[in-house]
Each structure stands twice: as structure tokens, then as C-alpha cells.
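Chain A is the first sequence line, chain B the second, and so forth, proteins listed ahead of strands; every chain is numbered from 1. What you are looking at is a predicted structure, and each value in this text was computed from that prediction instead of being measured.
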Amino acid sequence: MARRYWLFKSEPGAFSWEDLVACPEGTTFWDGVRNYQARNLLRDEIKPGDRVFFYHSRCHPPEIVGTATVTRGGAADPTQFDPASPYADPASKPESPRWYGVEIRADRALKRPVSLAELKQSSELQGMMVTRRGARLSIQPVRPEEWKAVLALSRRPRTPP
DNA sequence: GCCAACGTTGGC
DNA sequence: GCCAACGTTGGC
């Protein structure tokens with residue numbers, strides 16, 4: 001199975017790229033996803049070795065800031081069983097968990113962040129999910145050619161306005 | 001702060 | 001099963 005590529009959204013006020021890098025080994029379990037479509041990807045599709053764009057959402061500007069590697073595939077999200085967690089789900093039972101997450105490890109910051117505005121301007125990235133209006137999915141598939149194009153953009157100076 | 005898009009809930 | 005109401009996401 002070939003390595004696949006993903007984009008994970010995070011609000012920097014909640015959990016930023018810097019927070020990930022500060023974790024032991026730059027590694028964290030990606031918990032708290034409570035959307036079924038994203039859950040299916042976490043549980044069934046995202047495998048160790050896959051690569052991840054770390055995207056800052058609900059901030060100025062929204063942008064891709066770094067890359068990470070999946071170090072552990074779909075596992076039950078423990079926060080669903082923790083009554084003290086804001087992500088607690090009393091309806092979910094340990095014998096049939098409803099919510100899943102994966103473990104990721106920070107790889108490196110992009111040479112420079114690539115903003116959503118820039119993604120939208122790039123002719124190669126017109127079809128990228130994150131550029132579509134109303135694309136709220138917090139875990140998104142990324143095509144290999146999109147992965148390459150974003151990295152290429154990050155190695156170029158920002159386009160002057 | 002605004003509001004469009006989307007997902008979920010719940011009455012019927 | 002439909003769909004209106006509601007809450008959330010998230011760019012702008």
C-alpha cells in the first residue's frame with residue numbers, strides 16, 4: 001500500500017504546530033475529532049508512514065505550517081471515555097468505540113508557511129479540498145501531486161502582491 | 001462580527 | 001424518511 005497524504009486542521013489557539021513540536025519526540029495522539037467522515041479516515045485509511053500537512057485554521061492567515069508523519073494508525077480515542085474531557089461521549093462503549101485517532105510526529109516546519117490565499121491562487125492546486133468553499137472536514141485527503149506542489153511553493157519566495 | 005456552508009437533532 | 005431548526009466551522 002503506497003504512502004498517502006493528508007491535511008490535518010488545527011486551531012493554533014487550541015493546539016498549534018509549536019505545541020506539536022514541544023511534545024516529547026514531537027509526537028502526539030490526534031484526539032478530539034468528532035465528525036464521522038473524519039473518523040472513518042482516522043480509523044480505516046490513515047496508516048503509519050503516511051504524511052500529514054499541519055494546517056492552522058481559524059486564524060490570520062489560515063496556512064499550512066509544517067509536515068508530520070503518522071506513527072500509529074487508527075486507535076480508539078481515549079478522551080471519549082473520560083467524563084472530565086470536553087470530548088467525552090457517554091454513548092460510546094469501550095467494546096465498540098465510536099471515535100478514533102492516530103498518532104503523528106512532527107517532521108519539519110515548511111521553509112515558509114503557505115497560506116490558504118496562496119493555495120487558491122496556484123493553478124496546480126485549484127482542486128485541493130482545503131481551497132473549496134465550505135470544506136469543513138478537519139481531516140482531508142491530499143493528492144500526491146498536491147503534496148509536491150505545496151512543498152514546491154514553500155521553497156519559493158512569497159509571491160509579491 | 002458576519003454569515004455561508006455544513007452536520008446533527010428531533011418532531012412529525 | 002423528510003426536513004426545519006439549530007449549532008458549529010471557519011474564511012473573510
Before we go on, tell me: are the rings of A:Trp6 and A:Tyr55 under 6.0 Å apart, centre to centre?
no

Between atom CZ in A:Arg132 and atom C1' in B:dA4, what is the gap in whole Å?
15 Å

Walk along nucleotides 7-12 of chain C from 5' to 3' and tag each nucleotide B, S or - by protein heavy-atom contact under 4.0 Å, base first, then sugar-phosphate.
BBBBSB

Spell out, yes or no, whether A:Phe53 and A:Ile139 are grouped together once hydrophobic residues are joined by side-chain heavy atoms under 4.5 Å, including indirect joins.
no

Tell me every residue that passes salt bridge (Lys or Arg N to Asp or Glu O under 4.0 Å) with A:Glu146, counting only those two or more places apart in sequence or in another chain.
A:Arg143

I'd like to know if the side chain of A:Arg4 reaches the main chain of A:Arg51, judged simply by a donor and an acceptor atom lying under 3.5 Å from each other, with no hydrogens or angles considered.
no

Take the angle between the ring planes of A:Trp30 and A:Phe8 and call it parallel below 30°, perpendicular above 60°, tilted in between.
tilted

